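One structure below.
We name chains A, B, ... by the order of the sequence lines, and we start the count at 1 in each one. These figures come from a predicted structure and were not determined experimentally.
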Amino acid sequence: MIAFADLLERLVFTPGRLAKIALLRRYFATQPDPDRGFGLAALTGELAFQAAKPAMVRALVEERTDPVLFAMSRDYVGDLAETVALIWPAAPSNAGPPRMTEVVQTLLSTPKSELPAVLAGWLDASDASVRYALLKLITGELRVGASARLAKVALAEVAEGRIAADEIEEVWHSLVPPYAPLFAWIGGGGPRPDPAGAPVFRSPMLAHPLEATDIAALLPSAYRAEWKWDGIRVQLVATPHGRRIFSRGADDISQAFPEIVEAMEFHAVLDGELLVIRDGEVQPFADLQQRLNRKAPGAKAQRDYPVAVRLYDLLFDGAEDLRPLPFDQRRVRLEAWHARHSPPRMDLSELIPFATVDELSVIRDGARAASIEGLMLKRGDSAYVPGRPKGQWWKWKRDPLTIDAVVMYAQRGHGKRSSYYSDYTFGLWREDGELVPVGKAYSGFTDAELVTLDRWIRNHTIHRFGPVREVERGLVLEIAFDAAQRSNRHKSGVALRFPRVTRVRMDKPAEEADRLDTLMRLIAGATQA
Amino acid sequence: MPPHPETWLKVRPDGLYCEPGDFFIDPLRPVGRAVITHAHADHARPGHDAVLASPETLALMDVRMGVGRAGAVQQALPYGEPISMGEVRLWMEPAGHVLGSAQVAMEWRGSRAVVSGDYKRQPDPTCLPFVPIPCDVFVTEATFALPVFRHPPAEHEVAKLLDSVALFPDRTHVVGAYALGKAQRVIALLRRAGWDRPIFLHGAQMPLCAAYERLGIPLGELLPATVAGKDKLQGAVVIAPPSAIADRWARRLAEPVVCNASGWMRVRQRARSKGVELPLVISDHCDWDELNQTLDDVGAPEVWVTHGREEALIHEAAKRGIRGRALRLVGYGDEQEDLAEPAAA
Ligand SMILES: [Zn+2]
Ligand SMILES: [Zn+2]
């Protein structure tokens with residue numbers, strides 16, 4: 001458990017992606033089986049058992065500590081597990097801290113009534129950092145700040161280039177902790193694990209953003225166009241062995257969308273967009289967010305936010321792998337498949353006919369629904385290849401909306417940006433002359449602009465609250481965003497999709513920034529009202 | 001029966017005052033006669049008429065505030081040499097906090113009080129260890145007086161740092177450490193752990209490191225970080241004031257791993273709010289166990305707490321029959337240094 005606790009400690013504080021991968025790689029490369037397998041399971045959330053409730057941990061620590069001192073400590077530290085890890089009185093013991101494997105196996109086999117004594121013994125034998133990892137693991141609160149994807153990239157690095165992270169992804173969901181066949185394969189001592197009909201994830205094909213220079217070279221007849229919907233990209237996998245809904249990042253999100261799983265009465269692998277669709281209309285992303293926030297939605301959430309999948313592609317029909325086929329042929333198969341099965345809660349992404357790029361451009365600009373981000377262009381002869389192959393698929397986002405907003409607060413960034421004030425809360429003027437915050441932006445500016453912004457923030461601070469600075473109402477930023485949506489969680493009543501800084505308007509007086517009214521008129525659908 | 005120390009050692013607005021000796025200990029404002037426990041800014045302030053301190057403390061005060069600015073008349077008092085101050089017999093013993101740090105022991109008419117200043121019990125290669133002095137009243141600080149504060153051995157933390165340097169050989173490890181005491185301790189610990197490459201310093205750390213060397217604490221090769229190019233700083237260890245590590249100054253470093261050496265790093269939220277990537281729990285103050293061990297070692301029936309988390313310590317002391325009293329002296333505590341705006345250096 002020491003190596004795992006050390007890893008956890010570092011991951012929690014490490015902002016950089018590459019640094020996280022380096023830490024993970026070393027852990028996987030140096031720890032023995034099956035410890036590292038259980039460690040991997042803990043990191044990827046596959047060990048999500050809750051063996052102990054916080055109340056049990058509290059009872060245990062109260063037996064060992066002075067209640068007054070514990071209360072003071074808890075007040076100071078905040079988190080219960082951390083307080084217990086730090087305050088647990090040292091008890092001289094010959095036993096070393098438990099190994100990861102011992103912890104997992106013991107938790108699986110120990111009756112609940114014996115667990116307090118077992119846990120107390122482990123805490124006695126451990127230092128604060130191991131105690132923290134143990135308590136977080138046992139109470140099911142282990143959140144690491146490293147995605148499952150990073151763990152797979154690190155595993156691929158352990159294989160020193162022989163195996164790609166995407167290949168690990170494709171066998172991943174057929175494996176169970178402690179992943180002995182996976183580590184054998186990565187270490188070069190075993191074959192590629194065979195998913196054998198298990199519902200596993202296939203790395204999705206992704207698109208490049210279409211830049212102005214690419215547009216000129218585009219041959220219209222070679223491409224097919226579809227709407228780019230603002231939902232979440234999903235992969236539906238149904239085999240005789242099970243049904244899964246995967247996010248683009250290979251997270252299994254089946255439990256959050258039981259009505260979709262129920263509708264998967266077929267054996268196929270499909271690529272599509274998960275959307276909230278009400279009366280045939282795709283609803284704004286904020287509605288889908290209501291579902292994404294719930295791990296197990298009740299009947300009411302299912303009724304209020306009805307979800308459906310708009311199908312883009314058919315990767316497997318039964319056991320037949322269609323990915324090598326060109327897009328046009330897959331599309332024919334998809335349409336035939338859909339007609340044959342007509343699964344509930346699933347419709348086809350429509351193909352948009354066009355003859356010229358100019359025509360397409362008009363179509364793109366004409367789409368103002370908040371649920372449409374722009375267009376997807378796919379080569380008719382493109383095979384379905386994981387990753388972002390060049391020149392095959394393009395995403396052509398429509399031009400963003402913009403407002404001129406006033407910076408109100410600034411906060412330091414993370415990692416390389418930790419010495420800069422790089423996160424800005426901006427606001428617009430209300431009728432009564434008050435400035436109300438409407439969003440936060442932390443990207444879009446150049447490095448040189450960041451230096452200017454940082455200096456301005458430091459020189460115009462009026463208040464400081466911890467890491468946040470409140471600044472004079474004197475700096476205008478042009479903010480671009482993809483859509484504005486009504487929101488009652490924001491003071492302003494509006495939420496922006498993907499706000500980013502497009503220009504620093506040092507030239508513009510703050511009084512001349514936009515009014516909240518202007519933004520409210522940009523809310524999708526507001527014009528009809 | 002000897003007089004109770006509260007009849008002759010008193011809290012005044014300027015600080016702790018010894019009446020029969022007519023002097024203040026670590027006064028907060030300029031006074032006639034000051035006895036200084038150690039050279040940290042919250043204890044050693046400039047402009048007194050007469051100053052008494054250990055020779056090392058006087059030397060470090062010269063570096064910190066300018067030669068002669070500590071006081072018009074300066075008297076150096078080595079450890080363990082009693083002198084008379086008015087009717088009071090006074091001597092100093094090591095406090096183990098930083099180089100020159102001293103506890104002030106005072107005796108008047110058979111009654112003895114000891115003011116410990118800041119102190120710790122962990123070994124420190126840059127200063128002499130704390131010596132417990134039996135007394136009637138022991139005056140202590142309580143910066144880390146909560147049972148969640150238990151400082152691991154400093155060697156363990158330095159090993160963590162070197163392990164990270166090995167894992168990220170292209171990045172600079174910048175360690176936040178106070179310019180007086182902590183910086184030199186971290187450097188000395190690195191040397192003991194076998195790190196013999198040059199250690200780079202923020203400008204603010206240079207004069208005090210030089211002073212330590214003059215006072216006989218070897219620190220190995222030290223170079224200014226400011227003039228070294230980014231490529232020279234790859235894989236290097238840089239020591240800087242805590243206020244500089246995550247700020248503009250750190251931009252000159254190669255993809256810095258921000259480390260901070262402080263007892264506060266024991267608590268995650270403290271580390272996270274400062275943007276620290278590698279927290280190192282290295283403290284020049286006592287942790288909970290050291291504080292309580294010390295109360296037992298000095299055996300005083302009464303303990304006065306100058307500042308910090310006095311409630312917890314007084315509660316714990318009461319359980320052992322030790323009477324506690326909170327002095328609530330404002331103006332002490334390293335936290336203020338923590339929050340200071342970064343210097344332009
Ligand atoms: Zn001090
Ligand atoms: Zn102090």
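By a heavy-atom distance cut of under 4.5 Å, A/D66, A/V68, A/L69 are the residues of residues 58-70 of chain A near chain B, going up by number. Of residues 157-166 of chain B, those residues lying under 4.5 Å from chain A by any heavy-atom pair are B/D163, B/S164.
Remark: A/R455 is not positioned above the aromatic ring of A/Y420, lacking an NZ or CZ atom under 6.0 angstrom from the ring centre and at most 45 degrees off the axis.
In this structure, the side chains of B/R121 and B/D289 stay at 4.5 Å or more apart for every pair of heavy atoms. A/T425 places none of its side-chain heavy atoms less than 4.5 Å from the side chain of A/V407.
Using a cut-off of 4.0 Å between Lys/Arg side-chain N and Asp/Glu carboxylate O, B/R185 and B/D284 are scored as salt-bridged. Between B/R325 and B/E302 there is no salt bridge, since none of the side-chain N atoms of the basic residue sits less than 4.0 Å from a carboxylate O of the acidic one. Comment: A/D127 does not engage A/R131 in a salt bridge, judged by the lack of any side-chain N to carboxylate O separation of less than 4.0 angstrom.
Of the listed residues (B/R268, B/E255, B/R150), the greatest number of heavy-atom pairs within a distance under 4.5 Å of chain A belongs to B/R268. Interface check for chain B: of the options A/G16, A/A22, A/A19, the most heavy-atom pairs under 4.5 Å are formed by A/A19.
No side-chain donor-acceptor contact under 3.5 Å links B/H151 and B/Q122. A side-chain donor-acceptor contact under 3.5 Å links B/R251 and A/S419.
For a residue to count as touching a neighbouring chain, one of its non-hydrogen atoms must lie under 4.5 Å from one of that chain's; by this rule B/V276 touches chain A with the backbone only. For chain A, the nearby part of B/R171 is the side chain; its heavy atoms alone come within less than 4.5 Å. For B/E311, the parts sitting under 4.5 Å from any heavy atom of chain A are the backbone and the side chain alike. Only the side chain of B/P279 has a heavy atom closer than 4.5 Å to any heavy atom of chain A. For a residue to count as touching a neighbouring chain, one of its non-hydrogen atoms must lie under 4.5 Å from one of that chain's; by this rule B/A312 touches chain A with backbone and side chain alike. Heavy-atom distances place no part of A/D79 under 4.5 Å from chain B, backbone and side chain included.
For the pair B/N292 (side chain) and B/W288 (backbone), a donor-acceptor distance under 3.5 Å is present.
In this structure, A/L7 CG and A/M1 CE are separated by 10.5 Å, a value rounded to the nearest 0.5 Å.
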Inset, instruction - Begin with the C-alpha distance, continue with both residues' side-chain angles, and end with the deciding distance and a verdict on ring-ring contact (aromatic ring centres under 6.0 Å, His included) for B/F144 and B/W264. - result: CA-CA 8 Å; B/F144 292 110; B/W264 299 112; 4.6 Å; yes

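Partners of A/R74 according to the salt bridge (Lys or Arg N to Asp or Glu O under 4.0 Å) rule, which considers only residues two or more places apart in sequence or in another chain, do not exist here.
Residue pairs that meet the side chain to side chain donor-acceptor pair (under 3.5 Å) test with at least one member in residues 82-91 of chain A, sequence neighbours left out, are A/W88-A/D124.
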